[in-house]
Amino acid sequence: MTDLIDPSQIIVRPRPTLLSTFELLVKPIAPVGSGPSVVARTVIQGYFLTIANTSNSDIKVRLQFTATTPELDLTNTVTITDVQGVNDFSDLTPIVGDPKRFIFNLGIGANDTALFTLLPDVSKPEVIKANSLEVRGYVEIALTSPSGSVRLLLTPEHRGTFVPQNFDAVRAPDFDQLVYALPTSTGQSEFTLTGPAKPNKELKLEIKEIEKLVENKLAETLPVTPQAQIPNDLQRVIGLMAQRLDELEQRTVSNGNGRAFIQAEERPSVGHHVINQ
């Protein structure tokens, strides 16, 4: 019987690492009418992230933005990346089936530093006129290439500009700037990220044993006929196999110390039935 699963084709992808919060603003810093007009100036604020690749290899990272209340609207935002001294305008990519999450993929050369920004799109007059944009959430980062570990220096910041109300009608508008570093989830700038990896020997052995279980169940329950249908108990076996693989993947991701994550007593014997008759 042909192998149901080719272990060489399985890639264990690490979970994203929490990086920082973010906040986008085009909004008065105080309610209009609550004091002098200077207090009610509008702040235009964006998220800036400097990523230094300290390794001798080119890398690819994936940023993931999550915003729940209020949600992030791609029609009101823009991303700008600068890796080689040229500003590249783009947008985040929504995750299918999850409207609250967005991703951005970025490549950085060996020993190079990139700047990523997520900004309110103030090139659209309606964004400035509405004067009500406010988005908050958190950022995660994952290494998508190469495999192995890479040390990065990450510096998240908020940068912004204060502008007066109706500044386009003011003869000599007063502009002020703000910039401040954001705390990271680890409290430091250095992050060690691990890229995708193929399963180790323990996982490959587990996969082979699961395949043998399915083969045995096929021989017991599947009649030899061109119109044969997969019986319900075999479907349960396949479902259990998928669940087991998912558990193994999570344990592989969480165990970074190189020790075996499958105990001897956990391995099913070849031919052992994993369902109740």
Side-chain angles (χ1 to χ4, degrees), residues 9-24 46-68 71-84 86-119 121 135-158 181-186 188-199 245-246 249-256:
Q9 301 302 314
I10 295 177
I11 301 297
V12 180
R13 301 188 183 280
R15 291 182 177 179
T17 298
L18 279 172
L19 176 53
S20 72
T21 59
F22 76 96
E23 184 178 46
L24 307 182
Y47 178 79
F48 288 67
L49 177 63
T50 304
I51 307 173
N53 174 18
T54 67
S55 73
N56 295 321
S57 303
D58 295 348
I59 66 170
K60 292 181 181 179
V61 297
R62 171 170 292 179
L63 301 175
Q64 180 170 296
F65 291 80
T66 302
T68 301
E71 294 184 7
L72 192 153
D73 185 352
L74 292 183
T75 63
N76 296 330
T77 62
V78 63
T79 67
I80 306 175
T81 53
D82 181 356
V83 181
Q84 298 179 335
V86 178
N87 288 334
D88 182 15
F89 290 77
S90 184
D91 288 306
L92 300 177
T93 301
I95 295 180
V96 177
D98 193 345
K100 302 182 188 301
R101 286 187 169 86
F102 303 82
I103 59 174
F104 190 89
N105 295 310
L106 180 63
I108 307 173
N111 304 118
D112 206 351
T113 301
L115 175 64
F116 168 88
T117 64
L118 176 63
L119 307 172
D121 191 356
V135 180
R136 294 180 300 275
Y138 59 91
V139 188
E140 298 169 277
I141 186 171
L143 181 69
T144 59
S145 177
S147 59
S149 298
V150 172
R151 290 198 307 169
L152 305 178
L153 293 177
L154 306 177
T155 306
E157 296 176 311
H158 278 156
L182 295 168
T184 66
S185 62
T186 64
Q188 57 187 13
S189 179
E190 182 179 327
F191 280 69
T192 299
L193 302 182
T194 302
K198 293 189 176 182
L245 288 175
D246 183 67
E249 177 180 340
Q250 299 306 321
R251 293 166 67 179
T252 302
V253 170
S254 61
N255 183 21

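- Side chain of N53 to main chain of S57: a donor-acceptor pair is present (N/O by atom type, distance under 3.5 Å, no hydrogens or angles).
- Within the 4.5 Å cutoff, no side-chain heavy atoms of N76 are placed close to those of D121.
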Yes or no on side-chain contact (heavy atoms from CB on, under 4.5 Å) for L143 and I59, after CA distance, side-chain angles and deciding distance? CA-CA 8 Å; L143 181 69; I59 66 170; 4.0 Å; yes
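- Residues L193 and T17 are in side-chain contact: their nearest non-hydrogen atoms beyond the backbone lie under 4.5 Å apart.
- Judged as a side chain to side chain donor-acceptor pair (under 3.5 Å), and not counting sequence neighbours, T68 has no contacts.
- Among residue pairs with one or both ends in residues 87-99, those qualifying as salt bridge (charged side-chain N to carboxylate O under 4.0 Å, His left out) are D98-R101; sequence neighbours excluded.
- For the pair D58/I108, no side-chain contact is recorded, criterion being any heavy-atom separation below 4.5 Å from C-beta on.
- Counting only distance, with no hydrogens or angles, the side chain of S185 and the backbone of L18 share a donor-acceptor pair below 3.5 Å.
- P94 is linked by a side-chain contact (heavy atoms from CB on, under 4.5 Å) to L74, F102, counting only residues two or more places apart in sequence or in another chain.
- Looking at residues two or more places apart in sequence or on another chain, you find a ring pair (Phe, Tyr, Trp, His ring centres under 6.0 Å) between F104 and F116.
- With L92 as the partner, the side-chain contact (heavy atoms from CB on, under 4.5 Å) test is satisfied by one option alone out of L63, L118, V78: L118.
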Start with the C-alpha gap between L154 and I141, add the side-chain angles, then the distance that decides, and say whether side-chain contact (heavy atoms from CB on, under 4.5 Å) holds. CA-CA 10 Å; L154 306 177; I141 186 171; 4.2 Å; yes
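- Contact detail for V83 and A114: the closest heavy-atom pair is CG2-CB, 3.8 Å.
- Take N105 and apply the side chain to side chain donor-acceptor pair (under 3.5 Å) test, not counting sequence neighbours, and it matches R62.
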For side-chain contact (heavy atoms from CB on, under 4.5 Å), just list the numbers for L49 and T155, CA-CA rounded to whole Å, side-chain angles, deciding distance to a tenth of an Å, and then say yes or no. CA-CA 6 Å; L49 177 63; T155 306; 5.8 Å; no
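- Heavy atoms from other residues, nucleotides or ligands lying under 6.0 Å from CD of Q84 number 12 at most.
- Here T54 pairs with nothing under the side chain to side chain donor-acceptor pair (under 3.5 Å) rule; sequence neighbours left out.
- Looking at residues two or more places apart in sequence or on another chain, you find a salt bridge (charged side-chain N to carboxylate O under 4.0 Å, His left out) between E157 and R159.
- Remark: side-chain polar atoms of H158 are paired, donor with acceptor, to backbone N or O of E23 under 3.5 angstrom.
- When only modelled atom types and interatomic distance are considered, T192 and S149 share no side-chain donor-acceptor pair under 3.5 Å.
- Within the 4.5 Å cutoff, no side-chain heavy atoms of F191 are placed close to those of L153.
- Residues T50 and F48 fail the side-chain proximity criterion, which asks for heavy atoms closer than 4.5 Å.
- Using a 4.5 Å heavy-atom cutoff, the side chains of T77 and V135 are not in contact.
- E190 meets the salt bridge (charged side-chain N to carboxylate O under 4.0 Å, His left out) test with R151; sequence neighbours excluded.
- In terms of the side chain to side chain donor-acceptor pair (under 3.5 Å) criterion, residue partners of S20 (sequence neighbours excluded) are, by chain and number, Y47.
- Of the possible polar contacts, none joining the T21 side chain to the G137 backbone as a donor-acceptor pair under 3.5 Å is found.
- Residues passing the side-chain contact (heavy atoms from CB on, under 4.5 Å) test with T93, sequence neighbours excluded: I103.
- Residue pairs meeting the side-chain hydrogen bond (donor to acceptor under 3.5 Å, both in side chains) criterion with at least one partner in residues 107-119, sequence neighbours excluded, do not occur; the list is empty.
- The salt bridge (charged side-chain N to carboxylate O under 4.0 Å, His left out) test applied to K60 returns no partner, not counting sequence neighbours.
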